[in-house]
S.K.: 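This is the structure I want to talk about, given as structure tokens.
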Amino acid sequence: MAGVLRAERVWVETFTGLRVDQFGRLLKAVRERGGEACGWGRPWRLPLAERVLLVAVYYRTNLTMRQLAPLFGVSPATVCRVIQRLGPLLALEASRAANDAAALLWIVDGTLIPVRDRKVGASSRNYRFSANVQVIVDAETRLVVAAARPVPGTTAEAQAWRNSGLAQHWEGVTVLGDGAYINTGLIVPHRKRPGRPLLKGEEEDNAQHRKVHARVEHTFTRMKNYKILRDCRQRGDGLHHAVQAVARMHNLALAA
């Protein structure tokens with residue numbers, strides 16, 4: 001069975017949202033992480049570049065295994081094995097604060113991702129069975145710094161942040177959060193008290209806070225161009241691997 005998609009410029013740029021040079025950097029990272037290995041089974045039918053393309057196309061389009069199989073000329077079972085093998089190798093490498101941490105400004109927020117796995121998600125305020133994923137974004141570059149493991153969508157933002165383990169990445173960095181992150185040590189908007197309107201300076205601070213915080217929402221919008229984050233059918237760690245891979249591809253797409 002002959003496939004249609006190949007790791008060529010027209011298919012890479014059309015189906016992944018990445019330029020060929022950006023896709024090349026992704027391919028290099030996967031190769032360095034051992035993507036060429038085939039384990040104890042038979043050699044892969046597809047070369048590594050096309051296997052990486054397959055995973056990127058899956059995350060970008062959220063097609064089913066049966067739909068992807070004829071596009072690459074392999075069986076649905078092979079598509080599943082490729083995604084399970086290479087998905088974790090596309091993961092984002094979390095950044096840590098550099099020596100000039102005081103000059104950095106990061107933003108944290110959570111986003112709800114609809115999932116099918118009842119062990120990962122919960123019935124949430126978006127009227128879907130969803131998981132909450134905490135993400136840190138650099139306010140200046142809008143690159144994803146780190147993303148936490150998913151928690152049920154009913155988890156409060158402050159609790160999800162405390163349990164995420166992401167705090168180790170922001171020592172010395174100024175980190176903004178919205179009003180849901182009160183008492184977490186993050187920079188949050190001023191709260192209006194009953195019978196006490198905000199002062200003029202506090203209203204101006206909140207307006208500036210909203211303007212900067214909107215950048216993380218813009219990042220979520222760009223990340224959800226990868227439709228796997230609109231309805232994830234993966235089980236177990238599949239959503240976590242998808243978020244990490246999408247974050248890496250998002251960062252590559254923003255690269256010069």
Side-chain angles (χ1 to χ4, degrees), residues 17 54-68 76-77 79-94 107-137 144-169 175 177-184 186 213-251:
L54 186 156
V55 179
V57 170
Y58 173 64
Y59 288 152
R60 182 77 172 183
T61 64
N62 204 20
L63 294 174
T64 65
M65 310 295 173
R66 289 186 177 182
Q67 291 168 330
L68 285 172
V79 172
C80 183
R81 288 195 297 271
V82 169
I83 293 171
Q84 291 178 347
R85 170 74 176 103
L86 294 189
L89 302 186
L90 272 65
L92 173 74
E93 294 179 353
I107 314 167
V108 64
D109 201 2
T111 184
L112 292 176
I113 299 176
V115 294
R116 306 289 181 91
D117 189 349
R118 299 280 164 162
K119 296 181 180 178
V120 176
S123 183
S124 308
R125 62 180 181 272
N126 62 346
Y127 305 104
R128 301 283 301 276
F129 206 86
S130 304
N132 181 324
V133 178
Q134 298 287 302
V135 178
I136 300 178
V137 174
V144 177
V145 176
R149 298 187 70 86
V151 295
T154 52
T155 308
E157 298 283 25
Q159 181 183 350
W161 166 253
R162 293 190 186 100
N163 297 338
S164 67
L166 295 181
Q168 60 181 318
H169 298 282
V175 184
D178 60 22
Y181 291 87
I182 190 169
N183 296 328
T184 59
L186 307 183
H213 189 270
R215 298 173 189 175
V216 72
E217 301 294 345
H218 300 160
T219 298
F220 288 152
T221 300
R222 291 179 62 96
M223 289 178 66
K224 289 185 179 181
N225 286 333
Y226 292 85
K227 296 183 180 180
I228 188 72
L229 301 188
R230 297 186 184 184
D231 182 18
C232 182
R233 298 186 298 271
Q234 291 286 301
R235 303 283 177 175
D237 287 336
L239 174 59
H240 178 59
H241 297 322
V243 171
Q244 295 291 327
V246 167
R248 187 184 192 98
M249 290 188 284
H250 162 80
N251 287 357

S.K.: With a 4.5 Å limit on heavy-atom distance, are the side chains of Ile107 and Arg215 in contact?
M.R.: yes
S.K.: Which pair of non-hydrogen atoms, one from Gly110 and one from Tyr181, has the smallest distance, and what is that distance?
M.R.: N-OH, 3.3 Å
S.K.: Quick check for you: to the nearest 0.5 Å, what is the distance between His218 atom NE2 and Arg222 atom CZ?
M.R.: 11.0 Å
S.K.: Taking atom CD of Gln159 and atom OG of Ser164, what is their separation to the nearest 0.5 Å?
M.R.: 11.0 Å
S.K.: Could you tell me whether a side-chain N or O of Glu157 sits under 3.5 Å from a main-chain N or O of Asp109, the two making a donor and an acceptor?
M.R.: no
S.K.: Any side-chain heavy atom of Arg248 sitting closer than 4.5 Å to one from Val144?
M.R.: no
S.K.: Taking the side chain as every heavy atom from C-beta outward, state whether Asn183 and Arg162 have any atom pair closer than 4.5 Å.
M.R.: yes
S.K.: Under 3.5 Å, is there a donor-acceptor pair between the side chain of Ser130 and the main chain of Asn126?
M.R.: no
S.K.: Is Thr155 reaching over with its side chain to a backbone N or O of Val151, donor-acceptor style, under 3.5 angstrom?
M.R.: no
S.K.: Does the side chain of Cys80 come within less than 4.5 Å of Ile83's, by heavy atoms?
M.R.: no
S.K.: Would you please test Val135 and Val108 for side chain to side chain contact (heavy atoms under 4.5 Å, CB included) and show each step?
M.R.: CA-CA 6 Å; Val135 178; Val108 64; over 6 Å; no
S.K.: Ignoring hydrogens, what is the shortest heavy-atom contact between Leu92 and Ala247? Give both atom names and the distance.
M.R.: CD2-CB, 3.9 Å
S.K.: So which atom in Ala148 and which in Val133 form the shortest heavy-atom distance, rounded to 0.1 Å?
M.R.: O-CG1, 3.6 Å
S.K.: Closer than 3.5 angstrom, by distance alone: can the side chain of Thr184 be matched with the main-chain N or O of Ile182 as a donor-acceptor pair?
M.R.: no
S.K.: To the nearest 0.5 Å, tell me how far Gln234 CD sits from Leu239 CG.
M.R.: 9.0 Å
S.K.: Do Trp161 and Leu166 touch side chain to side chain, with heavy atoms closer than 4.5 Å?
M.R.: yes
S.K.: Tell me, do Val55 and Tyr58 make a side-chain contact under 4.5 Å, heavy atoms counted?
M.R.: no
S.K.: Over all heavy atoms of both residues, which pair between Gln134 and Asn132 is shortest? Give the atoms and the distance, please.
M.R.: NE2-OD1, 3.0 Å
S.K.: Both conditions, 6.0 Å and 45 degrees, for the charged tip of Arg118 above the ring of Phe129: are they met here?
M.R.: yes
S.K.: About how many Å separate CG of Asn251 and CD of Glu93, when rounded to the nearest 0.5 Å?
M.R.: 11.0 Å
S.K.: Kindly indicate, with the supporting measurements, whether the criterion side chain to side chain contact (heavy atoms under 4.5 Å, CB included) is fulfilled by Arg149 and Asp237.
M.R.: CA-CA 9 Å; Arg149 298 187 70 86; Asp237 287 336; 2.4 Å; yes
S.K.: If we ignore hydrogens and angles and just use 3.5 Å, is the side chain of Glu217 paired with the main-chain N or O of Ala214 as donor and acceptor?
M.R.: no
S.K.: Taking NZ, NE, NH1 and NH2 as the nitrogens, is one of them in Arg233 or Asp117 under 4.0 Å from a carboxylate oxygen of the other?
M.R.: no
S.K.: Which pair of heavy atoms, one from Ala147 and one from Gln244, lies closest together, and at what distance?
M.R.: O-NE2, 2.9 Å
S.K.: Atom NZ in Lys227, atom CG in Asn62: separation rounded to 0.5 Å?
M.R.: 9.0 Å
S.K.: Check Arg128 against Arg230 and note the closest heavy-atom contact, atom names and distance.
M.R.: NH2-O, 4.0 Å
S.K.: Is any side-chain heavy atom of His241 closer than 4.5 Å to a side-chain heavy atom of Leu90?
M.R.: no
S.K.: To the nearest 0.5 Å, how far apart are CG in Asn225 and CZ in Arg60?
M.R.: 5.5 Å
S.K.: Can you check whether His250 reaches Thr219 side chain to side chain, under 4.5 Å on heavy atoms?
M.R.: yes
